[in-house]
Engineer: 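Quick one: the structure is below, questions incoming.
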Amino acid sequence: MSLQNISRRTLLRGVGVSLGLPWLEALASTPEAAPIRMGMLYMPNGVNTNHWTPEGTGRGFTLSKTLSPLADVKDRVVVLSQLWNEASKGGDGHYVKEAAILTCTTIKKTPGADLANGTSVDQMAAQSSARHTPIPSLELGVTPVAIGVDAVVGYTRVYGSHIAWSNPTTPLARELNPRAVYERLYRATTKPTGNSARMDGLLLDRVLGDARRLRAQVGSEDKARLDEYLSVMRSLEERVERASSATGQTWKPRAAIDPDAAPTDRPRDHAEHVRLMMDMIAVAFQTDTTRVATFMFGNAVSNVSFRFLEGVTAGHHDVSHHSGEADKLRQYQIINQWHIEQYAYLLRKLAAMKEGESSVLDNSMVMFASALSDGQKHDPHNLPIVVAGRAGGRIDSGQHLVYTKDSPLANLYVSMLDAFGAPVERFADSTGHLPGLLRG
Amino acid sequence: MNLRLTFLFCLAVSGAAIAQTPYSIEDGTAFLNFWCRACHTGSKPQGNFDLGVLASGQTLATEPQRWNKLISRVENLEMPPKGAPVPTAEQRAQFTEWAAMAVREQACAGGMRPGPSMIRRLNRDEYAATIRDLFDMHLDIAQALPEDGAGGEGFDNAAETLFLTGLHSEKYMAAARFIADFAAREFKSRAKIFTVEPGPQLTEDRAARMIFEKLLPRAFRRPVTGKEISPYVSLYQSARREGESFEGAVLFAVRGALVSPMFLYRAEPPNLTAARKPLEAYALASRLSYFLWGSMPDELLFDGAASGGLQEPAVLKYMVGRMLRNDRSLVFAQRFIEQWLRTRELGGEKTPDPRLFPAYAADEDLRSDIRLQPVLFFREILLRNRSLLELIDSNHTIGTRHLERHYGLQLPLNPNARQQPQWVELPQGSNRGGLLGMAAVLTVSSYPYRTSPVLRGAWIMDSILGTPPPPPPPDVPELPEQHEGAPPQSVRERLARHRADAVCASCHNRMDPLGLPLENFDAIGRWRAEDGGRPVDASAELPDGTRIDGPAGLKAALAARKDLFLRNLTGKMLGYALGRGLTIEDSCTVDHILSRLKDNNYSAQTLIEEIVLSVPFRYQAPGKSLQRENSR
């Protein structure tokens, strides 16, 4: 093992848990350490703020009504209060907020030609873990890309449909079909038979040649598009190579993907669709097919009808504009709580997946966030954020952490990247780590 | 395009006062000096936006981008900022209307110019249709690919938002494998690939090369050099060495072609000169075919490109007529209409609540007829070359048995084909003429559970007139709560509360009166005389005091603003045809097309023909970026 393969995380943990051991022994034990996973769940339209924030701070907190579904995993969650995303103030009510939830960058107002955001935190993580897993990251959703350009505010709806950005100009396409996700996970973890990987590599090598020839013939703006092609195809080529080599996956997961357990490709309804996507994240994490996943419960301004919930009569965005009316606030809370129930479902599922002495949840950090606090005010102050899982022991879970008003959300990402093993000096407008979240 | 004449509609209807004294450059400068200059001047102008630069009228020509930025900030009520003194809505509107016109006039001083044309990936519908035509293969392959977002004028063929991500690369690899496997089994598709067979007179290597010589120009939609073919021959040879059969090895190379950027992207040979240049003929053939068919060119287009005849206006006109009559133009009508009117959302977020509208939810045929009605209506208007104003109001519509029942109408349907959509004459006095009489439009502009005059009004301002309402102010003031025990209010009463507040009223005064006349249509477009036990009141008053009553009155009011409607439609269509957002220079092309439309009774084919004949469609801009790059 070369020194650069020893991540900062393992070093730190080596120091933390095995203080008495000789240095080399601690290192020798690291290949056994389970990898850390990062899941980012996004809910559109903010929350009913009357029922979000827990009572009490630190360890002695009581879950709010909306967060009550987290009761049985309460010791493994951290609720974070008073973080805000300064880059997402102004602009419009939704796209600027939502597209920046994982980038902490102010997006450029455009119908498309000069799209610009930042690289999202999940992709920073994926860049460091990509070489260890068959798939670098999963981007999942349940509602199609919102079409068109929102002429009222002047943003392409592409912004409202993507939270994962591999670079400032490339939003990552999402998978919506649970069965397609499952089949993709299965394919990715199955060792290629015969010479097929080598042949695929050869094929990709030739088309990269086509791309280079074409690139030489076009103007500079078009070169950028072909560079996108070259880099995407090259990384596919690398993955194909890795899949066929003996050192494919660096860590041996505790479970494999069962080819006969593929889910339906036509979920009955929104609720089942969401559940199946949660299952896909869990399977992907458990089998170490990827260590990074993002999930969107809906696009920005989503008005998915939640009338399937008892007592709800309107669409999601409609009730978020509650105008202070008691009935709409009540419905808003019910919808919020439903989302937390789905989140809790995923957490319980991950907790039940044993990984040695601990569980997949213990080795993960799964964030739940909205890009607004009160939907009525389109307010990016005091964002509703929960982080679950212990990141292999790095996260000091079971707390309600209340920060100084308007602490940067980006600081959370600095801490999460550290816990993931991909530390950064800065992330967007960060000013440092988020105190109290990580141990040691 | 940033040139959103948001307030123009309001002006057009309350314009009497403005018409008296034409707004001039002096008025514009005075506006800027009074409202903006204090902050945006000096050594440290606010937001780094120095008005000093824009002080003279010449900058309208030299700094159009800065002007557009300024116009949009003023138009969107973002400037002057909160807390500073602000102009009245009318002053604001006068200024932005004048500035937008002035910028456009200057931009057009040099005549029509071609704009940028970027390399673009085939979107997933184009990919699927191209595979269909390349291999005569009828598969729903689009579903296997990630969806595309939209940019530019709001369409999913806009070059700027056709990204390529890791997910795409995997899916393209998988699709190529699937297609090759399928082609091996399907007789018709095999025939498209294996145009020759090796035999005693023909070695396998030679046969493989001949196959690629025939196939690759079609796959890449242009002539292909021997040098470009060689890598595919060598792919074939590698597979052969690995023990693949002749056929398997050819199909392996075909898979390669299907993930090559030459197939996946549309790239036009760059213009290396410093002047505009007619587009190379094969690139023009592709522009035409992807515009009107959403797919690759057919033999006739390729022949036209090969002979060089395609650049002739008469040939182009002939091609337009021929291509519209072809069944493949249905895809064009569908993709254009469903994205322009946003009726593509009917199956998704805009699904009417099944508990409130069980008959709609249960009847798949009805839903399909509803969704197709505006698409087929538009296509008939094109094929019959009728006036585009029939989109606002018409004596005809598309009828089916299901629609007849849904609308409660007696339509003269062909009794032998009552399930089939038909072009039919509407009864006298029917409210179903034009797009606004169609359930698809009335549903997509409603909530899934009730109608909303606000949504419908905003939809009309945006989709029909091209003057979307400005965004709601950042802090929407909360309406006073309704006290308990008060009788429930009608939609109209709730709207009245909206308009009582000055901040809300500035926009709702313009949105609501456009939606209220459609209140006789429920949330799935059925006619109703009563709503919640009370008679429907479909009357409204426009900001200028004009009273309109019901759908007919609304359509008449919209017909009176036909210039706005046609400008919007022309811009949308040009943006769709070019697959990009329009620039300030393109507004000259739009102006030109509008004048041709006027001369030709607004006939629908004129719109398509004039776009195809236009400078941006047929020409390439000077190769600035390339020169810059090469001179480095």
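Every chain is numbered from 1 and lettered A, B, ... according to where its sequence line falls, protein lines coming before strand lines. Please read these numbers as outputs of a predicted model, since none were measured by experiment.
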Engineer: Does the side chain of Val232(A) come within less than 4.5 Å of His168(B)'s, by heavy atoms?
Structural biologist: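 Counting from C-beta outward, His168(B) and Val232(A) never come under 4.5 Å.
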Engineer: Given heavy-atom pairs under 4.5 angstrom as the criterion, report whether the side chain, backbone, both or neither of Asn195(A) touches chain B.
Structural biologist: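 Looking at Asn195(A), just its side chain touches chain B.
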Engineer: One thing to verify: whether Arg225(A) and Glu160(B) come together as a salt bridge, which I'm taking to mean a side-chain N less than 4.0 angstrom from a carboxylate O.
Structural biologist: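 Between Arg225(A) and Glu160(B) there is no salt bridge, as every charged N stays at least 4.0 Å from the carboxylate O atoms.
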Engineer: Please name the pair of heavy atoms, one in Asp462(B) and one in Ala151(A), separated by the smallest distance, quoted to 0.1 Å.
Structural biologist: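 In this case the closest contact between Asp462(B) and Ala151(A) is OD1-CB, 3.6 Å.
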Engineer: Can you tell me which portion of Phe308(A) sits under 4.5 Å from chain B's heavy atoms? Options are side chain, backbone, both or neither.
Structural biologist: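 Only the backbone of Phe308(A) comes within 4.5 Å of chain B.
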Engineer: Using side-chain heavy atoms (C-beta onward) and a distance below 4.5 Å, is Glu221(A) in contact with Ile119(B)?
Structural biologist: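 Contact flag for Glu221(A)/Ile119(B) side chains = no.
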Engineer: Who wins among Lys171(B), Arg344(B), Met173(B), Glu345(B) for the most heavy-atom pairs under 4.5 Å with chain A?
Structural biologist: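 Most heavy-atom pairs within the cutoff with chain A belong to Met173(B).
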Engineer: Where is the tightest heavy-atom contact between Asp210(A) and Ser260(B), given as atom of each residue plus distance?
Structural biologist: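 Heavy-atom minimum between the residues: OD2-OG, 2.8 Å.
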Engineer: Starting at OG1 of Thr313(A), measure out to CG of Asp353(B) and round the result to the nearest 0.5 Å.
Structural biologist: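 Atom-to-atom, Thr313(A):OG1 and Asp353(B):CG are 9.5 Å apart.
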Engineer: With chain B, which of Thr169(A), Asp200(A), Leu208(A) has the greatest number of heavy-atom pairs at distances under 4.5 Å?
Structural biologist: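 Of Thr169(A), Asp200(A), Leu208(A), Asp200(A) has the most heavy-atom pairs under 4.5 Å with chain B.
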Engineer: Which one of Gly298(A), Ser231(A), Ser302(A) has the most heavy-atom pairs closer than 4.5 Å to chain B?
Structural biologist: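 Answer, by heavy-atom pair count under 4.5 Å with chain B: Ser302(A).
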Engineer: Is any NZ, NE, NH1 or NH2 atom of the basic residue among Arg450(B) and Asp318(A) found under 4.0 Å from an Asp or Glu carboxylate oxygen of the other?
Structural biologist: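 Salt bridge between Arg450(B) and Asp318(A), a charged N being under 4.0 Å from a carboxylate O: no.
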Engineer: Measure Glu139(A) against the heavy atoms of chain B and call it side chain, backbone, both or neither at under 4.5 Å.
Structural biologist: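 Nothing of Glu139(A), per the 4.5 Å heavy-atom cut-off to chain B.
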Engineer: Please rank Tyr449(B), Tyr265(B), Tyr447(B) by heavy-atom pairs under 4.5 Å with chain A and give me the top one.
Structural biologist: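 That would be Tyr449(B).
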Engineer: How long is the span from the CZ atom in Phe252(B) to the CE atom in Met199(A), to the nearest 0.5 Å?
Structural biologist: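 Spacing of CZ (Phe252(B)) from CE (Met199(A)) equals 3.5 Å.
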Engineer: Where on Lys350(B) is there a heavy atom nearer than 4.5 Å to chain A: the side chain, the backbone, both, or neither?
Structural biologist: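 Neither; nothing under 4.5 Å.
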Engineer: Chain A heavy atoms under 4.5 Å from Arg355(B): which part of the residue, side chain, backbone, both or neither?
Structural biologist: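 Looking at Arg355(B), just its side chain touches chain A.
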Engineer: What's the separation between atom OG in Ser235(A) and atom CD in Glu170(B), rounded to the nearest 0.5 Å?
Structural biologist: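 Here the interatomic distance stands at 9.5 Å.
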Engineer: Side chains of Pro146(B) and Arg174(A), heavy atoms from C-beta outward: is any pair under 4.5 Å?
Structural biologist: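 No; the side chains remain at least 4.5 Å from each other.
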Engineer: Count the heavy-atom pairs under 4.5 Å between each of Asp379(A), Leu204(A), Asn303(A) and chain B, then report the option with the highest count.
Structural biologist: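 Answer, by heavy-atom pair count under 4.5 Å with chain B: Asn303(A).
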Engineer: Looking at every non-hydrogen atom in both residues, tell me the closest pair between Val158(A) and Gly149(B) and how far apart they are.
Structural biologist: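 That closest heavy-atom pairing would be CG2-CA, 3.8 Å.
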Engineer: Under a 4.5 Å heavy-atom cut-off, does chain B meet the side chain of Leu115(A), its backbone, both or neither?
Structural biologist: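 The side chain, not the backbone.
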Engineer: For the atom pair CD (Gln339(B)) and CD1 (Ile147(A)), what is the distance rounded to the nearest 0.5 Å?
Structural biologist: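 Interatomic distance, Gln339(B) CD to Ile147(A) CD1, rounded to 0.5 Å: 5.5 Å.
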Engineer: Using a cut-off of under 4.5 Å on heavy-atom pairs, state which of Ala180(A), Gly93(A), Pro144(A) scores highest against chain B.
Structural biologist: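 Of the options given, most contacts go to Pro144(A).
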Engineer: Given a strict heavy-atom distance threshold of 4.5 Å, which part of Leu176(A) is in contact with chain B: side chain, backbone, both, or neither?
Structural biologist: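 Interface part for Leu176(A): side chain.
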Engineer: Among Ala267(B), Pro261(B), Ala150(B), Gly154(B), which residue has the highest count of heavy-atom pairs closer than 4.5 Å to chain A?
Structural biologist: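 Ranked by contacts with chain A, first place is Pro261(B).
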Engineer: For chain B, find which of Thr143(A), Asn299(A), Val207(A) contributes the most heavy-atom pairs closer than 4.5 angstrom.
Structural biologist: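 Ranked by contacts with chain B, first place is Val207(A).
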Engineer: Below 4.5 Å from any heavy atom of chain A, which atoms of Thr351(B) appear? Answer side chain, backbone, both or neither.
Structural biologist: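 Neither part.
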Engineer: Quick check on the interface: out of Glu242(B), Arg120(B), Met262(B), who has the most heavy-atom pairs with chain A under 4.5 Å?
Structural biologist: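 Of the candidates given, the most pairs with chain A belong to Glu242(B).
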Engineer: Would you mind reporting whether Leu172(A) and Phe163(B) have side-chain heavy atoms less than 4.5 Å apart?
Structural biologist: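 No, every pair of side-chain atoms sits at 4.5 Å or beyond.
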Engineer: Pick one of side chain, backbone, both or neither for Leu226(A), based on which atoms fall under 4.5 Å of a heavy atom in chain B.
Structural biologist: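 For Leu226(A), the side chain is the part near chain B, not the backbone.
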Engineer: Picking from Ala146(A), Ala188(A), Ser161(A), Pro171(A), which has the most non-hydrogen pairs under 4.5 angstrom with chain B?
Structural biologist: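 Sorted descending by pairs with chain B, the first entry is Pro171(A).
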Engineer: When rounded to the nearest 0.5 angstrom, what is the spacing between OG in Ser117(B) and CG in Asp222(A)?
Structural biologist: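 The distance works out to 8.0 Å.
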Engineer: Examine whether an atom of Arg177(B) lies under 4.5 Å from a heavy atom of chain A, and if so say whether it belongs to the side chain, the backbone or both; otherwise answer neither.
Structural biologist: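 Just its side chain gets close to chain A.
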Engineer: Is it the backbone or the side chain of Ala159(B) that comes under 4.5 Å from a heavy atom of chain A, or both, or neither?
Structural biologist: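 When you check distances to chain A, only backbone atoms of Ala159(B) fall under 4.5 Å.
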Engineer: Among Asp156(B), Leu235(B), Thr161(B), who wins on heavy-atom pairs under 4.5 Å with chain A?
Structural biologist: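 Heavy-atom pair counts peak at Leu235(B).
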Engineer: Any idea which of Leu162(B), Thr165(B), Leu264(B), Leu356(B) has the most non-hydrogen atom pairs under 4.5 angstrom with chain A?
Structural biologist: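 Most pairs with chain A among the choices: Thr165(B).
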Engineer: Is chain A contacted by the side chain of Glu244(B), its backbone, both, or neither, given a heavy-atom distance below 4.5 Å?
Structural biologist: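 For Glu244(B), there is no contact with chain A at all, as no heavy atom is under 4.5 Å.
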Engineer: Could you tell me if the side chain of Glu268(B) sits less than 4.5 Å from the side chain of Val218(A), heavy atoms only?
Structural biologist: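 A side-chain contact is absent here, since even the closest heavy-atom pair is not under 4.5 Å.
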Engineer: Nearest 0.5 Å, what's the CD-OG distance between Glu228(A) and Ser169(B)?
Structural biologist: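 With rounding to 0.5 Å, CD (Glu228(A)) is 11.0 Å from OG (Ser169(B)).
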